[in-house]
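Note that the numbering runs from 1 along the sequence shown for the chain.
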Amino acid sequence: MIITLSGRPGSGKTTVGTMLAEHFGYETYDIGIMRREIARRRGLTLAEYNKLGETDPSTDTDVDNFQCELGETKDNFIIQGRLGFHFIPHSVKIFLDCSRDASVARIWKDLQANPETRNEGKFKTPEELRTNIEARDASDVARYAKYYNGLNHLEPANYDLWLDTSTITPEETFQAILAFLDKKS
């Protein structure tokens, strides 16, 4: 079984992806971490890298090709990223949604506890972070529509399960996904 986890920033993709991988004994891949690392190597923040991607499709090509190849050559893994559902269409496609307030609060808390874990830039306030997240979402939507024939990763019809995590814990999210997978099989 291949599970693709897409979702909004701060929705719990990484946390829940890790929980699922440990539960099933699967490998896990995180496209966000890969993109952050590529941006870092180029001396860019993730926001700058995404902005560059609006005119340079090569910023997405490497990770897109990686996902396609992974889906064609491996089984039994979890992949976290905005477009895994598109590049691995035979996967179980899950979207984790959350409100903008929950997204900002979760990422802000993570940045305060682990300032080196992300590459969005240095923010002085949660409001600056919110502005960055909104710009990132807009950039993603524009890039995907431009490069993937109008693809909208925020369309619920693209997924087998759409789960709002705004008011539930990672454990509750994990349990909801397990219940869904149990019913599906």
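Proximity of a side-chain donor or acceptor of Asn50 to a complementary backbone N or O of Ser139 within less than 3.5 Å is not detected. Distance alone, capped at 3.5 Å, places no donor-acceptor pair between the Ser103 side chain and the Ser99 backbone. Under the 3.5 Å distance criterion, the side-chain polar atoms of Lys13 are matched with a main-chain donor or acceptor of Arg8. A donor-acceptor pair under 3.5 Å is formed between the side chain of Thr18 and the backbone N or O of Thr14.
Hydrophobic clustering (side-chain heavy atoms under 4.5 Å, transitive across Ile, Leu, Val, Met, Phe, Trp, Tyr) keeps Ile3 apart from Ile88. If you chain together hydrophobic residues whose side chains sit under 4.5 Å apart, Phe24 and Leu96 fall into the same group. Note: the hydrophobic cluster containing Met19 also contains Met1 (ILVMFWY, side chain heavy atoms under 4.5 Å, direct or indirect links). Linking Ile, Leu, Val, Met, Phe, Trp and Tyr residues whenever their side-chain heavy atoms come within less than 4.5 Å leaves Leu5 and Leu83 in two separate clusters.
Not counting sequence neighbours, the partners of Glu128 by the side chain to side chain contact (heavy atoms under 4.5 Å, CB included) test are Phe123, Lys124, Thr125. For Thr28, the side-chain hydrogen bond (donor to acceptor under 3.5 Å, both in side chains) partners two or more places apart in sequence, or in a different chain, are Gln80. With sequence neighbours excluded, no residue forms a ring pair (Phe, Tyr, Trp, His ring centres under 6.0 Å) with Phe180. Residues passing the side-chain hydrogen bond (donor to acceptor under 3.5 Å, both in side chains) test with Asp164, sequence neighbours excluded: Ser166. A search for side-chain hydrogen bond (donor to acceptor under 3.5 Å, both in side chains) contacts involving Glu22 returns nothing, not counting sequence neighbours. Evaluation of the salt bridge (charged side-chain N to carboxylate O under 4.0 Å, His left out) rule for Asp101 yields Arg130 as partners, not counting sequence neighbours. Evaluation of the ring pair (Phe, Tyr, Trp, His ring centres under 6.0 Å) rule for Tyr144 yields His153 as partners, not counting sequence neighbours. Qualifying ring pair (Phe, Tyr, Trp, His ring centres under 6.0 Å) partners for Phe85, counting only residues two or more places apart in sequence or in other chains: Tyr159. Legend: residues meeting side-chain hydrogen bond (donor to acceptor under 3.5 Å, both in side chains) with Asn76, ordered by chain and number and at least two apart, are Tyr26.
Considering only heavy atoms from C-beta on, Leu70 stays 4.5 Å or farther from Gln67 through its side chain. For the pair Ile177 and Thr173, the minimum side-chain heavy-atom distance is below 4.5 Å. For the pair Arg100/Ile133, a side-chain contact is recorded, criterion being any heavy-atom separation below 4.5 Å from C-beta on.
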Pair Phe174-Leu20, side-chain contact (heavy atoms from CB on, under 4.5 Å): steps then yes or no: CA-CA 7 Å; Phe174 170 71; Leu20 288 166; 3.8 Å; yes
Verdict with supporting geometry, Asp182 and Leu178, side-chain contact (heavy atoms from CB on, under 4.5 Å): CA-CA 6 Å; Asp182 189 48; Leu178 288 183; over 6 Å; no
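Within a 6.0 Å sphere centred on CD of Gln175, other residues, nucleotides and ligands contribute more than 12 heavy atoms. Within a 6.0 Å sphere centred on CG of Asn149, other residues, nucleotides and ligands contribute 12 heavy atoms or fewer. Lys109 NZ: 12 or fewer foreign heavy atoms inside a 6.0 Å radius.
Residues Tyr49 and Arg42 share a closest heavy-atom pair of CE1-NH1, 3.6 Å. The two atoms that bring Leu129 and Val104 nearest to each other are CD2-O, 3.6 Å, heavy atoms only. Scanning all heavy atoms of the two residues, the minimum distance from Thr15 to Pro170 falls at CG2-CB, 3.7 Å. Closest of all the heavy-atom pairs between Asn158 and Lys93 is O-CD, 3.5 Å. The two residues Thr165 and Cys98 have their closest heavy-atom pair at OG1-CB, 3.7 Å. The two residues Leu154 and Trp162 come nearest to each other via the heavy atoms O-CH2, 3.3 Å.
Distance check, rounded to the nearest 0.5 Å: OG1 of Thr45 to CZ of Arg136 gives 11.0 Å. With values rounded to the nearest 0.5 angstrom, Ile94 atom CD1 is found 11.0 Å from Ser6 atom OG. His23 contributes atom NE2, which lies 9.5 Å from atom CD1 of Ile78 (distance to the nearest 0.5 angstrom). In this structure, Asp137 CG and Glu134 CD are separated by 8.0 Å, a value rounded to the nearest 0.5 Å. Atom CD1 of Ile79 sits about 8.5 Å away from atom CG of Asp30, to the nearest 0.5 Å. To the nearest 0.5 Å, the span separating CG on Leu161 from CG on Leu181 amounts to 8.0 Å.
Residue pairs meeting the salt bridge (Lys or Arg N to Asp or Glu O under 4.0 Å) criterion with at least one partner in residues 170-181, sequence neighbours excluded, do not occur; the list is empty. Screening residues 52-63 for salt bridge (Lys or Arg N to Asp or Glu O under 4.0 Å) gives Arg35-Asp60, Lys51-Glu54, Asp60-Arg143 as the qualifying pairs, with residues at least two apart or on separate chains. Sorted by first then second residue, the ring pair (Phe, Tyr, Trp, His ring centres under 6.0 Å) pairs that include residues 60-81, not counting sequence neighbours, are Tyr29-Phe66, Tyr29-Phe77.
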